[in-house]
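The structure appears below as structure tokens.
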There are 2 protein chains.
Amino acid sequence: MSALKKHDVFQAVADPTRREILHLLSHQNLAISEITSHFSITRTAVVKHLTILSEANLISGKKNGREKIYHLHPEPLMEIKDWISYFEQFWDNKLSMLKFLVENEEDKKE
Amino acid sequence: MSALKKHDVFQAVADPTRREILHLLSHQNLAISEITSHFSITRTAVVKHLTILSEANLISGKKNGREKIYHLHPEPLMEIKDWISYFEQFWDNKLSMLKFLVENEEDKKE
DNA sequence: TTGACATGAAACCATTTGGTGTTATATTAT
DNA sequence: ATAATATAACACCAAATGGTTTCATGTCAA
């Protein structure tokens, strides 16, 4: 099967640098050094982020000559999307908002 | 204004326990001890999770007698939803998949 | 073939994270 | 009043996180 899932997609996406890497790779496939040039951190640190993203199956890299080209695999983000969608009812629903406001009024009385 | 945003919503939601807490609070407002009873960890640990969720403005608690009742504020999850939606084009769009496959073929030739 | 480039791999480090236990204070019920 | 309940506030801890530096290896170009 695919790589051991030591990191889940929620955790992979929790770091701003990793989110930026995903954005970079959405435009074009990039080698490690090219990705590194977009940040102020060292290549080694970038590689660690790439490893975490790989473990979450969000990216994968393949050797091409002396370079290792990474490309995006956005599918696992669906898990987050699905999780979030459950909560949409609570902000889409005006009745929920009304309920919240009423509860807040009750608080003040006490 | 609201509490210092030491933790952003992506990080808040990265922990499975915190995600479960949000689910619990989506059904009903709960006191700290009631939330704790759903887990095998100590109350102190639960309180730390609640603090992180509060800092991300996903929940808020108000004192009611000797209890502190927490309730859900799902709105900040929109930030995640919006971020994810950018990537939907890459899995919704069949042309993107074709592009990906073609690029892969090019790689092999080199 | 030799130097420059790209990556791999290891050791190390400070801070954060997710947890514990203990003690103290406020509130409720008897 | 007093015991039980609910939370608050600490101090402490091991492991994970996000970063560094150093050194080794493989590949390309001149």
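Letters A, B, ... are given to chains in the order of the sequence lines, protein chains preceding strands, and every chain is numbered from 1. Just so you know, these numbers come straight off a predicted model, no measurement behind them.
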What about A:T44, does its side chain sit under 3.5 Å from the base of D:dT21 through a donor-acceptor pair? yes
Using the ring centroid of each side chain, check whether B:F87 and A:H23 are separated by less than 6.0 Å. yes
What nucleotide, of D:dG19, C:dT7, C:dG18, holds the atom closest to the side chain of B:R18? C:dG18
Out of C:dC12, D:dT7, C:dG8, which has the shortest distance to the side chain of A:I32? C:dG8
Do the side chains of B:I52 and B:L50 join up, straight or via other hydrophobic residues, at under 4.5 Å, putting them in one cluster? no
Candidate pair A:K48 and A:D15, rule salt bridge (Lys or Arg N to Asp or Glu O under 4.0 Å), full reasoning: CA-CA 12 Å; A:K48 289 186 183 181; A:D15 184 272; over 6 Å; no
Go through it in stages, so that I can follow the logic: the residues are A:L58 and A:R18, the test is side chain to side chain contact (heavy atoms under 4.5 Å, CB included), and I'd like the CA-CA distance, side-chain angles, deciding distance and then a yes or no. CA-CA 10 Å; A:L58 281 164; A:R18 288 197 288 270; over 6 Å; no
Rounded to the nearest Å, what distance is computed from the CG atom of residue A:N64 to the P atom of nucleotide D:dT27? 12 Å
Measure the NZ-CD1 distance between B:K63 and B:I69 for me, rounded to the nearest 0.5 Å. 11.0 Å
For a quick check of understanding: with a heavy-atom distance under 4.0 Å over all strands, which category does A:S33 fall into, base, sugar-phosphate or nothing? sugar-phosphate
Between P of D:dT17 and CG of A:D8, the distance in whole Å: 11 Å
Between A:Q11 and D:dT17, is there a contact of a side-chain N or O with OP1 or OP2 at under 4.0 Å? yes
Interatomic distance, B:E67 CD vs D:dT5 P [rounded to whole Å]: 13 Å
Atom-to-atom span, CD1 of A:I21 to C1' of D:dG18 - whole angstrom: 12 Å
Measuring from the side chain of A:A31 (C-beta onward, heavy atoms only), which nucleotide among C:dT7, D:dG18, C:dT20 has the closest atom? C:dT7
Quick one: A:K63 NZ to D:dT25 P, roughly how many Å, whole number? 14 Å
Nearest to the side chain of A:K68, which nucleotide is it out of D:dT21, D:dA8, C:dT7? C:dT7
Need to verify one output field. Residue with the more 5' nearest nucleotide on DNA chain D, A:D15 or A:G65? A:D15
May I ask you to evaluate whether A:H49 reaches the phosphate of D:dG19, defined as a side-chain N or O under 4.0 Å from OP1 or OP2? yes
Just how far, in rounded Å, is C1' of C:dG18 from CZ of B:F39? 13 Å
Nearest listed nucleotide, side chain of B:A45, among C:dT20, D:dT7, D:dG18: C:dT20
What's the CD-P distance between B:E34 and D:dA6, to the nearest Å? 8 Å
Closest to the side chain of A:R66, out of D:dT7, D:dA4, D:dG26, is D:dG26
Expressed as a whole number of angstroms, how long is the span from A:I69:CD1 to C:dA6:C1'? 10 Å
Give a yes or no on whether a donor-acceptor pair under 3.5 Å exists between the nucleobase atoms of C:dG8, that is its base, and the side chain of A:R43. yes
